[in-house]
Amino acid sequence: MYRLHGQDASWLYKETLTAPMHTLKIFLIDVAEGESLDLAFLRLAVPRLIHEVPVLRQRPVTIPWSLHHPVMIEDPEFDLRYHLNRAALPAPGGRAELEELLAQIASHPLDQDRPLWQFWIIEGLENQRVALVQKIHHAVADGMASLNSMTRVWHSSYHDPSSVPEPWNPEALPSPARLCMDAVSDHVREDIGRFPDFLRALRRIKWGLEAPPDGRLSPTLCSFNGQLPRTRWNRALSSRRSFSTAQLPLEALKAVKNTLGGTLNDVVLALVAGSLRRFLVAHKELPHQPLLATIPVSTDGLDTVREAGNATTVMLTLLYVNLSDPLERYKEIQSATLQGKAELEKLGRETFALLAHYVPPALQRWVASRAYRKRLADRDSFLPPANLTVSNVPGPREKFSARGNLVDEIFSSGPLVEGIGLNITVWSYVDNMNFTVTGCMRSLPDIGQITVGLREALLELQALCVEQGPNSG
């Protein structure tokens with residue numbers, strides 16, 4: 001048994017019926033001739049995975065009167081059958097049919113009375129491929145941790161019938177009295193001693209909320225002051241998701257970076273801005289201000305390898321969809337991102353994790369529940385903290401396989417939060433940048449236009465690079 005840190009637990013508090021807080025990892029697999037990848041494959045591999053990654057057999061238990069954050073305990077009623085699922089696509093089994101099924105899988109919350117994950121085997125894909133989907137709650141693992149644990153499944157020892165994990169005996173559920181006593185003990189032993197860190201974090205926020213001396217827009221101030229436009233997806237969420245994917249060549253994005261300067265992440269943000277500009281122009285909803293994007297940033301050390309928990313903070317940047325000139329748009333995004341990084345360092349990378357840990361659980365749940373019940377994001381007075389989330393994660397540089405079954409593509413999707421109904425998650429894998437666009441079906445039923453726009457935005461930047469020449473950056 002162990003207690004969730006506030007940063008992990010906050011994902012449980014944010015969850016409502018319309019805002020499930022899980023992520024998806026989608027592995028598209030070329031099945032080797034004479035081999036199979038089905039439920040039997042998972043039934044052999046997953047028991048060893050949950051033996052080596054114990055958090056996968058643990059479930060959250062809330063504390064009476066919300067005296068502290070929940071604890072994770074081994075589920076005494078663990079049933080592997082709940083966690084392994086199979087589905088088949090209708091013909092022709094193309095990307096559209098797969099995305100429709102993935103939208104359905106993403107729409108349903110995980111049961112918080114069980115370990116917070118599922119695997120799905122999806123059959124019927126064209127070209128005899130199979131999709132393996134890992135659905136895992138953000139309270140259990142962030143994107144990098146879930147990938148690290150998932151890659152174990154492809155290890156050959158996981159598919160050896162003679163390699164059987166040792167049996168384990170789950171704990172009994174702790175009594176309410178035990179939960180309360182442990183909560184008080186943890187406050188005394190750990191939280192009181194670190195409370196000055198929390199107070200220093202509050203002071204850093206105050207110091208960080210200063211306008212830039214050059215008069216530029218501050219991404220952080222735009223968020224805190226609500227100085228950002230509202231788009232069609234900045235409203236109360238429905239319970240259904242829309243889902244679309246796009247794959248772009250990594251070398252093409254690197255070529256843009258080398259010509260225009262900046263980082264690969266600047267190119268990704270410019271592609272997102274170019275696509276959203278096209279989308280908003282087509283809907284006659286282009287704002288006169290830039291959009292504000294939240295960017296998850298890892299707080300792990302360079303050599304850290306995690307298979308559970310969260311180690312991220314949030315950087316803010318501005319996407320200048322209101323600028324028609326692609327070069328000006330790119331440079332302004334580049335400048336805003338540098339400013340966002342500087343503001344994050346000023347605030348401190350641990351600040352938001354400390355806030356999540358020390359803000360009372362009951363208050364966090366109440367805020368999320370009230371926004372959901374009253375549909376506050378549909379009110380004219382609602383000020384979204386951001387317009388969208390863009391996550392860019394470097395994935396494996398080499399393809400991996402099990403028993404000759406080659407993982408050909410990897411996509412990842414993140415959750416939506418109330419009032420921010422658009423999440424764009426980017427994972428590199430070998431030679432490609434794989435974009436997953438997740439939206440609220442109510443506000444973005446035509447989400448495929450955004451992925452089409454990503455390809456068009458890349459062509460626009462490539463044309464710009466030809467005009468600029470190879471040494472313009």
Side-chain angles (χ1 to χ4, degrees), residues 1-25 46 49-50 53-85 104-120 133-143 145-146 149-150 170-176 178-180 182-183 186 237-241 307-310 356-357 359-373 413-418 423 438:
M1 181 173 71
Y2 76 95
R3 188 172 309 283
L4 287 174
H5 187 276
Q7 184 179 23
D8 299 332
S10 66
W11 294 102
L12 295 174
Y13 308 147
K14 294 173 187 176
E15 186 160 86
T16 67
L17 291 177
T18 57
M21 290 293 131
H22 53 253
T23 66
L24 301 182
K25 295 291 175 292
V46 171
L49 178 65
I50 63 177
V53 187
V55 72
L56 296 180
R57 62 180 184 235
Q58 296 170 338
R59 51 157 289 197
V61 176
T62 57
I63 312 303
W65 305 295
S66 296
L67 289 178
H68 211 318
H69 302 301
V71 293
M72 298 291 286
I73 69 152
E74 292 183 341
D75 183 7
E77 300 179 348
F78 181 81
D79 186 347
L80 187 60
R81 292 173 297 181
Y82 168 78
H83 300 277
L84 304 183
N85 302 274
Q104 295 179 33
I105 293 174
S107 297
H108 299 286
L110 291 160
D111 185 352
Q112 291 195 16
D113 290 330
R114 298 178 183 270
L116 296 171
W117 60 273
Q118 292 179 335
F119 282 134
W120 287 77
V133 179
Q134 179 197 43
K135 179 176 178 178
I136 189 165
H137 202 285
H138 223 312
V140 175
D142 58 19
S146 61
S149 65
M150 185 63 197
E171 310 168 60
L173 286 174
S175 68
R178 165 82 185 280
L179 291 170
C180 291
D182 286 351
D186 286 351
L237 297 174
S238 72
S239 60
R240 295 185 61 200
R241 296 292 173 262
E307 295 180 327
N310 291 263
H357 191 71
V359 174
L363 178 58
Q364 295 189 56
R365 288 188 188 276
W366 177 81
V367 169
S369 175
R370 180 173 179 269
Y372 161 67
R373 287 183 290 102
S413 76
L416 306 181
V417 298
E418 193 66 25
N423 181 300
T438 307

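Values in this document were obtained by computation on a predicted structure and should not be read as measured data.
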| Straight-line distance of E74 CD to I50 CD1, nearest 0.5 Å | 10.0 Å
| message | If you define the side chain from C-beta out and look only at heavy atoms, does anything of L12 sit under 4.5 Å from L116? | response | yes
| remark: Here the pair of heavy atoms bringing K25 nearest to T23 is NZ-OG1, 3.8 Å
| request: Enter the distance from L67:CG to T62:OG1 here, rounded to the nearest 0.5 Å. | output: 11.0 Å
| query | Do the non-hydrogen side-chain atoms of V53 and W117 ever get within less than 4.5 Å of each other? | reply | no
| Backbone of S10 reached by a side-chain donor or acceptor of Q364 within 3.5 Å | no
| task | To the nearest 0.5 angstrom, please state how far the CH2 atom of W120 sits from the CD atom of Q134. | result | 14.5 Å
| Any side-chain heavy-atom pair of T18 and S239 under 4.5 Å | yes
| request: Identify the two heavy atoms, one from A183 and one from H68, that lie closest to each other, and give their separation to 0.1 Å. | output: O-CD2, 3.4 Å
| remark: Tested for side-chain hydrogen bond (donor to acceptor under 3.5 Å, both in side chains) against E15, the lone hit among H137, H22, H138 is H137
| task | Hey, could you give me the CD/NZ distance between E418 and K14, rounded to the nearest 0.5 Å? | result | 12.5 Å
| said: Would M21 and V417 count as a side chain to side chain contact (heavy atoms under 4.5 Å, CB included) here? Give the steps. | reply: CA-CA 8 Å; M21 290 293 131; V417 298; 3.9 Å; yes
| said: Has R240 got a side-chain atom pairing as donor or acceptor with S107's backbone, closer than 3.5 angstrom? | reply: no
| task | Assess whether side chain to side chain contact (heavy atoms under 4.5 Å, CB included) is satisfied between M72 and L4, documenting all intermediate values. | result | CA-CA 7 Å; M72 298 291 286; L4 287 174; 3.7 Å; yes
| Does a side-chain heavy-atom distance below 4.5 Å link P176 with W65? | no
| task | Using a 4.5 Å cut-off on heavy atoms from C-beta on, say whether the side chain of P115 contacts that of L56. | result | no
| Quick one: CG on L237 to CG on L17, what's the gap to the nearest 0.5 Å? | 12.0 Å
| Which heavy atom of P415 sits nearest a heavy atom of P20, and at what distance? | CB-O, 3.6 Å
| field | Chi angles and distances behind the side chain to side chain contact (heavy atoms under 4.5 Å, CB included) call for V71, D182 | value | CA-CA 10 Å; V71 293; D182 286 351; over 6 Å; no
| message | Does atom CZ (R373) have a neighbourhood of more than 12 heavy atoms from anything else shown, all under 6.0 Å? | response | yes
| query | Hey, does the side chain of K135 reach the backbone of I105 with a donor-acceptor pair shorter than 3.5 angstrom? | reply | yes
| request: Check A139 against W11 and note the closest heavy-atom contact, atom names and distance. | output: N-CB, 3.7 Å
| Okay, side chain of N423, backbone of L416: is any donor-acceptor separation there less than 3.5 Å? | no
| note | The reported gap from CZ in R241 to OG1 in T438 (rounded to nearest 0.5 angstrom) is 8.5 Å
| message | Using every non-hydrogen atom in the two residues, find where I136 and A141 come nearest and quote the distance to one decimal. | response | CD1-CB, 4.1 Å
| query | What are the two closest non-hydrogen atoms of P109 and T16, and how far apart are they? | reply | CG-O, 4.5 Å
| message | If the test is side-chain contact (heavy atoms from CB on, under 4.5 Å), which one of L24, D111, N85 qualifies with Q118? | response | N85
| Taking atom types as modelled and ignoring hydrogens, do the side chains of R365 and S369 form a donor-acceptor contact shorter than 3.5 angstrom? | no
| query | Taking it one step at a time, do R59 and D113 satisfy salt bridge (charged side-chain N to carboxylate O under 4.0 Å, His left out)? | reply | CA-CA 6 Å; R59 51 157 289 197; D113 290 330; 3.7 Å; yes
| field | Pair H83-R57, side chain to side chain contact (heavy atoms under 4.5 Å, CB included): steps then yes or no | value | CA-CA 10 Å; H83 300 277; R57 62 180 184 235; over 6 Å; no
